[in-house]
Student: 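One structure, pasted below without further comment.
The sequence lines fix the lettering, A, B, ..., with proteins before strands; numbering per chain opens at 1.
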Protein chains: 2
Amino acid sequence: MSPMPSSADSPDGVSPSGGPQGDPQKASTIRDVALAAGVSKSTASRALLGQPGVSRANLEKVQRAIEQLDFVPNQIARSLSVPSPATLGLFLRSAEYPFYGHLAKGFAAEAGVRGYEVLSVSSFDQPDDANYQSLMVLAGLRAAGIVVASPVVDPLTIRRVAARVPLVLVGQMGQASNPDVPFVAPDPDDGVVLIEHVAALGHTSVALTAVAPEHSPTQWVRIERMRSHLEAQGVRNRIVTIGPETNFVDVVSGLHEAGVTAVLCNNDFAALDVLAAAAHLGLSVPGDLSVAGFDGLPPFDHEAVGLTTFRVPTAGLAAAAVDLVHKLVRDQDVERGGVFVPGELLVSRTTGPAPAR
Amino acid sequence: MSPMPSSADSPDGVSPSGGPQGDPQKASTIRDVALAAGVSKSTASRALLGQPGVSRANLEKVQRAIEQLDFVPNQIARSLSVPSPATLGLFLRSAEYPFYGHLAKGFAAEAGVRGYEVLSVSSFDQPDDANYQSLMVLAGLRAAGIVVASPVVDPLTIRRVAARVPLVLVGQMGQASNPDVPFVAPDPDDGVVLIEHVAALGHTSVALTAVAPEHSPTQWVRIERMRSHLEAQGVRNRIVTIGPETNFVDVVSGLHEAGVTAVLCNNDFAALDVLAAAAHLGLSVPGDLSVAGFDGLPPFDHEAVGLTTFRVPTAGLAAAAVDLVHKLVRDQDVERGGVFVPGELLVSRTTGPAPAR
DNA sequence: TTGTATGCGTTATCAC
DNA sequence: GTGATAACGCATACAA
């Protein structure tokens with residue numbers, strides 16, 4: 001696919017010229033300010049920027065003109081003449097999920113202390129080419145750097161964009177497809193901590209839930225580690241693939257009948273589904289069945305929910321990502337490969353000792 | 001405060017000229033493309049935009065050059081000459097809260113079908129002037145329209161921006177401070193539905209939790225309605241102001257001893273806090289105490305959580321907001337005032353009949 | 001201290 | 001069909 005943007009991106013046939021009676025009030029420019037203040041554009045500009053070398057009289061005149069005209073400097077034009085490395089782009093999967101929301105928060109905080117503005121676009125399950133468009137918007141805005149925190153972006157797109165602007169991946173280990181793109185990801189051994197938790201509780205037959213690989217590549221790395229760790233310990237295990245259509249009552253019922261005493265879920269939402277199913281089946285948790293989630297973000301980590309889960313370090317991931325992209329922007333060397341950030345186990349009331357047989 | 005942006009917005013002392021050995025690969029421009037293709041800028045531009053009047057030969061040459069140079073048109077420069085009506089700005093409070101995350105999702109979906117790109121910036125509890133800066137970024141980008149979904153933006157800023165670019169408020173009824181700025185908000189009578197729910201269950205003494213007014217202006221409108229409705233029904237009531245430092249065990253204990261049998265919380269997080277406190281005090285829910293939340297977004301609406309709450313219609317709010325701003329962009333008349341969107345009551349296991357006295 | 005002239009990258013208006 | 005040239009709004013080196 002050509003990198004050309006579609007020229008038909010005008011929304012819904014809106015003509016740029018505006019509506020019936022023309023533009024209501026054309027945005028005032030620095031020229032207007034200068035005119036109103038009776039000075040040259042240069043002086044107005046200098047006053048605007050608070051630069052030295054402007055007489056008090058003119059400064060005040062310009063300020064008055066600005067007030068009066070409600071003048072807002074056009075950042076676009078500004079950044080055209082002075083390359084501003086002050087904007088970072090954030091490409092998120094979907095702010096509706098706590099993980100991405102918290103990631104955005106950490107990202108904004110970390111970028112803020114470094115003086116960056118953050119512009120973000122979300123890929124709410126858009127088709128691939130729409131994702132490409134969205135990323136191009138960020139690139140077209142000449143953001144100093146871009147952080148991509150969405151597993152659904154095609155590697156070729158990543159490579160294309162990464163070739164032009166410093167880019168860091170979050171939450172996916174892109175080695176295979178894009179070895180040169182640095183990344184930040186949760187420690188793949190995070191899941192092993194959960195395994196050790198349930199193994200210590202005496203469980204000898206556990207199930208792991210998972211979603212389709214294309215929805216979350218990192219999940220599979222983690223799950224494979226968990227699985228091999230389980231087998232090394234001689235614990236029976238199985239993987240259950242779930243999706244939007246999954247009937248959890250059937251699934252949990254089947255697992256229980258097969259002797260499974262612990263279910264480790266791929267995320268906290270799934271854990272709630274399992275808990276609801278267990279309740280529906282009259283299974284006590286953790287008496288008959290232990291359940292653990294994954295992500296551990298609010299509100300799932302709340303005492304009132306009581307879920308045993310594993311908290312992914314969103315703040316740490318965000319900080320590492322900003323750090324990486326900042327280095328890239330400053331043209332400093334970045335270690336090939338990436339950064340892994342470990343999370344922490346949160347033990348609550350949904351896991352307990354394996355039932356006596 | 002003056003509308004002048006700080007000129008010290010360069011991140012961390014980065015010199016624009018780049019790192020040690022100069023710019024590694026200066027972004028290629030249309031000039032480079034034209035040069036490489038052996039045509040003029042005009043022809044290159046036309047080819048880029050897919051405009052008619054370009055020979056097949058030249059078209060192909062330009063396309064090849066684009067591929068080779070990894071050329072991405074500079075949107076910034078582009079929108080300088082032709083104001084792009086294809087971008088909507090979204091100013092969010094904090095994507096970490098489910099409400100804003102879901103709002104963003106609905107917003108993106110609705111804007112997408114209308115052909116807009118969505119750029120969002122979040123005001124994660126920034127100080128006021130930082131908010132101003134962020135909004136100015138959006139305004140400076142010359143977005144076609146802006147939707148502000150953050151209660152913490154000062155009215156003067158809103159007015160300033162609204163004077164330049166179509167702007168719609170979400171979640172706050174700005175009549176008082178900005179009567180001319182259209183808004184979309186949850187129905188202020190939403191809370192009354194909860195009142196009727198607990199009243200029907202026989203509760204005669206209820207408490208309402210609330211946060212400080214500056215954090216959520218709309219909340220107070222809702223709560224006032226609830227309160228007057230309670231009094232009209234002769235139900236005893238009190239308002240408990242909560243904050244980050246609140247000790248919920250003390251609060252709930254006090255309420256219970258005072259004979260309160262139902263607590264209606266200002267949001268779902270607070271409801272979880274109340275539930276945890278009740279559990280800690282050995283109070284049964286809903287036996288001794290009924291608890292309800294507010295917002296009703298995932299995962300709070302999950303069966304496994306079992307919380308009685310009220311779902312605010314994020315999708316509806318988002319759709320209405322996009323509709324409004326779209327009309328504004330097209331220069332169509334917009335009814336003064338705003339749009340109220342009602343939500344729906346979700347009854348679950350934390351509310352029940354009032355305990356016999 | 002102030003004004004003039006030029007450039008940033010792109011599109012649009014003209015001539016050719 | 002093609003290529004100069006002038007905007008767009010702002011910053012800035014340079015001249016005054």
Student: Using a strict 4.0 Å threshold on nitrogen-to-oxygen distance, state whether A:D180 and A:R159 make a salt bridge.
Tutor: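 Looking at A:D180 and A:R159, the cut-off is not met.
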
Student: Just wondering, do B:F107 and B:L88 contact through their side chains at under 4.5 Å, heavy atoms?
Tutor: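 Sidechains of B:F107 and B:L88: in contact.
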
Student: For C:dG3 and A:T43 - does any side-chain N or O of the residue sit under 4.0 Å from the phosphate oxygens OP1/OP2?
Tutor: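 Yes, such a contact exists.
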
Student: Within this structure, what is the CD-CD distance for the pair A:E67 and A:Q63, rounded to the nearest 0.5 Å?
Tutor: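 Interatomic distance, A:E67 CD to A:Q63 CD, rounded to 0.5 Å: 8.0 Å.
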
Student: Distances under 3.5 Å only, N/O to N/O: pair up the protein atoms with those of nucleotides 11-15 of chain C.
Tutor:
from, atom 1, to, atom 2, distance (Å)
C:dT11, OP1, B:R78, NE, 3.1
C:dT11, OP1, B:R78, NH2, 3.1
C:dT11, OP2, B:S45, OG, 2.9
C:dT11, O4', B:S81, OG, 2.9
C:dA12, OP2, B:Q51, NE2, 3.4

Student: Would you say the side chains of B:S120 and A:S120 form a donor-acceptor pair under 3.5 Å?
Tutor: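 On atom types as modelled, these side chains qualify, holding a pair under 3.5 Å.
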
Student: Once you round to the nearest 0.5 Å, how far does OG1 of B:T43 lie from CD1 of B:I30?
Tutor: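 The distance works out to 9.5 Å.
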
Student: Rounded to whole Å, how long is the line connecting atom CZ of B:F71 with atom P of C:dG9?
Tutor: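 Answer to the nearest Å: 10 Å.
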
Student: Could you check how far CZ of A:R31 sits from P of D:dA11, rounded to whole Å?
Tutor: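 After rounding, the gap between these two atoms is 15 Å.
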
Student: Do other residues, nucleotides or ligands put more than 12 heavy atoms under 6.0 Å from B:Q51 CD?
Tutor: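 Enclosed: over 12 neighbouring heavy atoms sit under 6.0 Å from CD of B:Q51.
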
Student: Roughly how far apart are B:F91 CZ and B:L167 CG, rounded to 0.5 Å?
Tutor: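 Here the rounded value is 10.5 Å.
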
Student: Please give the angle, rounded to 10 degrees, between the axes at the start and the end of the helix from C:dT1-D:dA16 to C:dC16-D:dG1, where five pairs define each axis.
Tutor: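 Here the helix ends are tilted 50° relative to one another.
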
Student: Can you find a side chain N or O atom of A:T29 that sits less than 4.0 Å from OP1 or OP2 on D:dC8?
Tutor: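 No.
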
Student: Can you find a side chain N or O atom of A:N58 that sits less than 4.0 Å from OP1 or OP2 on C:dT2?
Tutor: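 Yes, such a contact exists.
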
Student: For A:A47 and A:V62, which heavy atoms make the closest approach, and how far apart are they?
Tutor: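 What the structure gives for the nearest pair is CB-CG1, 3.7 Å.
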
